[in-house]
Amino acid sequence: MRFALVGNPNCGKTALFNSLTGARAKVANYAGVTVEKRLGSLAGLGRPAELIDLPGTYSLYVASPDEQVARRVILGEMAGEAAPDVLVAVVDATNIKLGLRLVLELQALGLPMILALNLADAARSCGITIDTAALSQQLGMPVVETVAVRKNGVADLQAALAECAANAGRRSGQLTLPERAEAVEDVYARIDKLLASCVSAPSHAPVWQDKLDALVMHPVLGLVLLATILLLMFQAVFAWAAPVMDAIEGSMGWLGESAGALLPAGILHDFVVDGLIAGVGGVLVFLPQIIILFAFILALEDSGYLPRAAFLLDRLMRGVGLSGRSFIPMLSSFACAVPGIMSTRSIADPKERLVTILTAPLMTCSARLPVYAVVIGAFVPQQSVWGVFNLQGLTLFALYIAGIVSAALVAWLMHRREAASQGFPLLLELPNYRWPNAYHFLLGLKERAWIFLRRVGTIILALSIVLWFLATFPHAPANATLPAIEYSFAGMLGKAMQPLFDPLGFNWQMCIALIPAMAAREVAVSALATVYAVGGEDALGGALAHDWGLPVALAYLAWFVYAPQCLATIAVVRRETNSLRATIVFTGYLFALAYLGALLVRQIGALWA
Ligand SMILES: Nc1nc2c(ncn2[C@@H]2O[C@H](COP(=O)(O)OP(=O)(O)OP(=O)(O)O)[C@@H](O)[C@H]2O)c(=O)[nH]1
Ligand SMILES: [Mg+2]
C-alpha cells in the first residue's frame, strides 16, 4: 500500500515522514526544503506499506517545478507508478485556513484520506483549540492531531494509518485532475463556515513576533542585523575552533610519530606517515570549523529567520534580476552548491531559476573553508581590529563577500542578456519564529560531521594515496641535486602546468594542488602538505609563508573564490539545467573569472609590494 504525505510547504511533512519511517530527511523552518519525492517504509500496519514524502504545494493547479513533482505523484503521472492508495493530508494547525484549501482540492480526487493536524503543540500555545471530532465529521475523513518532533507525537496518526491499511484497497492507474469547480472566494467561504464550527482561535498572533519582525525586516536595521549575524559566524569559525583544532593536530602528530617509530624506515614508513596520516590528518583538522559553521546554519534554518532575510534582500536582489526566491538556494550553497542548486526547483520563473543555478556556486561552500583557513592562517596575522574583530575572521568574511558580490554582478550581466521576466512579485510565507529543537539540532550537527568524516575517509583518503604515489615515484636519481619530488610524476605534472599559471604567480607546487582539488577542494590542503613535505597545519602555514609572498597567496585565494573546482557541482548543473550549453557556459565563465581574478590580484599586489 502506498501512502503519500501532501500539504502546504513547511507544515511538517518531512518531520512526520522521519518519525513514521525512522528516516533522516532534511527538516527546516522555511518553505521549499523538500524538492523531490522520497520513499520510506511504514512498519506495524499489518501489511507492507510505503510512505511518500513530497515537496510542499499550495494547490494542485500550479506551476513551480517542485510543486509539479507533488502533483504528478499524487495523480500517478510519474512513469511506471500508480497514484497513491491513501493521501495523508498534512495541515499546519496554526494556519488551518490555508491548509484546508488544499485538503478540499485533494478531496475532489476521491482517494481515501486522513487529515493530520500537525504542529498541534504550537497551535495550543497560541491558544488555538480544534474540535477534531466535529472537523472529522464535517470533512468525512479521520482527523488526528500530531506533534511530529515529539516522541510519541505521531501515535494517533500511526493508529489511523493502520486502520486505513486494514480497510482501504489497492488501486492502480492514473487520476485526472477535475476542472476547478468553484471560484476561490466560494472555497474560502466554505472553509470559513467549517472553521467557525470547529476551531476557536484568538484574533491576534502573539505580539512579540510582530515586534521582532519590525526589527528583523526593517530596511536598514534588518541589514545591520544580518551583517552582524554573518560576522559573528565567521568570527566564531576562527576563534572557537582553534583549541580543538590544536588538539586534533596534536593527536595526528602523535599518531604519525608513533606509527613512524613502529615501522622500519623505508617506503612503507613513508607511505603511512607522509601519505596516509599527513594527507588525511591535514583535512581532518578542519572538522571543528565545519561544525561551527553548520551550527550557525542549522540554528538559523530552524529559527524562522531565513525567509525574513529573503524578504529583506528581495529588493536588493531584484536590482540584479534575481529575487528573494533565490535567497534560500544561495544560502544552502554556503554548505554545498549541490543541494543549493537542487533547491532552485522552488523557483517558478525558468530564467530566474537558470541565473540562480549558474551563480549559486559562487557562494563559498564549506569545502573551500580549509583552503581559505590555511592560507589565511599563514599570511594574515592574528591581530584584533577595533578591539572586537579579529583580522583573520574579517579576511574570511571578505572572501565570502567577494563571492556574494561577484554572484550579484554575474547575475546582473546575465539578466541583461537574458532579459529575465520580472512578472512575479515575491510571495513568501513567513513561518512562526521557533526555538531550534535541541535534539534535532544535535542530530543535524552529527549528520554534518558524519558527512565530512565520510568524505575524509573516502574521496580525500583515496586522493591522498594517489597523490602520495605521484609525488614519490619515480625516485630521484642517485646524483640528484634537487628535492626528490621534482623528479616525480607530480613534479613533472606541476611543471607542465606551471607556464599556464605563471602570470598568476603560481609555482609548480600550487599547480599540482589544483588537480585533486577538482574532485574535492579540501584536498588542495593535503596536496600542498605533500608537495612541501610538511605535516600539520602550522608547519604547512610556515612553508607557504616562506615560499609564496602575500600577492601570490591572495591570487591563490581569488582562484578558489571562482574556480568551478568541483565535478559534482558541474554534474548537478548539467542535470538540473538539462542543457549542455548551459553547463559549458557555467564551467567556462567560472574558470575565466578565476584566471582573471587571480591575475588581477597578483598584478595589483605586485605593484603594491
Ligand atoms: N513545534 C513543532 N515543530 C514542528 C512540528 N512539525 C514540524 N516542526 C518544525 O516545522 C518546520 C518545518 O518542518 P518540515 O518537516 O521541514 O516541513 P515540510 O512540510 O516538510 O516543509 P517543505 O519540505 O518545505 O514543504 C521545522 O522547523 C520542524 O522542526 C511539530 O509538530 N511541532
Ligand atoms: Mg519537507
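For ligands, and for the atoms within them, numbers begin at 1 and follow the listed sequence.
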Answer whether the closest heavy-atom distance between the side chains of T21 and D53 falls below 4.5 Å.
no
#### Entry: Flag for N29-Y433: side-chain donor and acceptor within less than 3.5 Å
no
Ranked by distance from atom 16 (O) of ligand 1, the top protein heavy atom is A28 N, 3.2 Å
Do any N/O atoms on D53 end up under 3.5 angstrom from N/O atoms on ligand 1? no
TODO: Give a yes or no on whether N10 keeps an N, O or S atom under 2.8 Å from the Mg ion (ligand 2).
DONE: no
Note: ligand 1 atoms sitting under 4.0 Å from heavy atoms of N10 are 11 (C), 12 (C), 17 (O), 18 (P), 19 (O), 21 (O), 22 (P), 24 (O), 25 (O)
Would you check if there is a donor-acceptor pair between the side chains of T344 and T356 at a distance under 3.5 Å? no
Margin query: Please determine whether the number of non-hydrogen atoms from other residues, nucleotides or ligands lying under 6.0 Å from atom CD of E447 exceeds 12.
Written below: yes
The atoms of ligand 1 lying under 4.0 Å from a heavy atom of G56, numbered in the order shown, are 25 (O)
To the nearest 0.5 Å, atom CG of L104 lies from atom OG of S59 at 11.5 Å
Task: Minimum side-chain heavy-atom gap L223-P219 below 4.5 Å - done: no
In ligand 1, the atoms that come under 4.0 Å of a heavy atom of A31 are 24 (O)
In this structure, atom 15 (O) of ligand 1 is nearest to the protein heavy atom A15 N, 2.8 Å
Looking only at protein heavy atoms, what sits closest to atom 20 (O) of ligand 1 is T14 OG1, 2.7 Å
**Residue-ligand contact N437/ligand 1, heavy atom below 4.0 Å** = no
The answer for which part of V33 has a heavy atom under 4.0 Å from ligand 1 is both
The atoms of ligand 1 lying under 4.0 Å from a heavy atom of Y30, numbered in the order shown, are 24 (O)
Per side chain to side chain contact (heavy atoms under 4.5 Å, CB included), S323 is matched among D314, D349, I347, L313 by D314
Checklist entry - Side chains of E145 and T132: do they bring a donor and an acceptor to under 3.5 Å? => result no
Counting heavy atoms under 4.0 Å, the part of P431 that contacts ligand 1 is neither
Residue, atom and distance of the protein heavy atom nearest atom 17 (O) of ligand 1 read G12 N, 3.1 Å
Check your understanding: Is there a heavy atom in G7 that sits closer than 4.0 Å to ligand 1?
Key -> no
Self-check item: Geometric N/O contact C11 with ligand 1, under 3.5 angstrom
Solution: yes
Next on the checklist: Is it the case that atom CZ in R38 sees more than 12 heavy atoms from other parts of the structure closer than 6.0 Å?
Outcome noted: no
### Query
CZ of F311: more than 12 outside heavy atoms within 6.0 angstrom?
no
Under 4.0 Å from one or more heavy atoms of G32, ligand 1 contributes atoms 24 (O)
Output yes when R345 and E576 qualify as a salt bridge under the 4.0 Å nitrogen-oxygen rule, no when they do not. yes
Logged contact type for R434 with ligand 1, heavy-atom cut-off 4.0 Å, is side chain
Ranked by distance from atom 25 (O) of ligand 1, the top protein heavy atom is K13 NZ, 2.9 Å
A student comparing V154, V35, D121 should find that the heavy atom closest to atom 32 (N) of ligand 1 comes from D121
min-distance protein heavy atom vs atom 4 (C) of ligand 1 -> L119 CD2, 3.5 Å
The closest protein heavy-atom partner of atom 31 (O) of ligand 1 is A148 N, 2.8 Å
Exercise for the section: Indicate, with yes or no, if the rings of F286 and F452 have centres closer together than 6.0 Å. Expected result: no
Within 4.0 Å of some non-hydrogen atom of V27, the atoms of ligand 1 are 13 (O), 14 (P), 15 (O), 16 (O), 26 (C), 28 (C), 29 (O)
Row for the Mg ion (ligand 2): angle OG1 (T14) to OG1 (T34), 10° precision, value 90°
Return yes if a side-chain donor-acceptor contact under 3.5 Å exists between S346 and S64, otherwise no. no
Atom 23 (O) of ligand 1 sits nearest the protein heavy atom T34 OG1, 2.7 Å
OH (Y61) with more than 12 external heavy atoms under 6.0 Å: yes
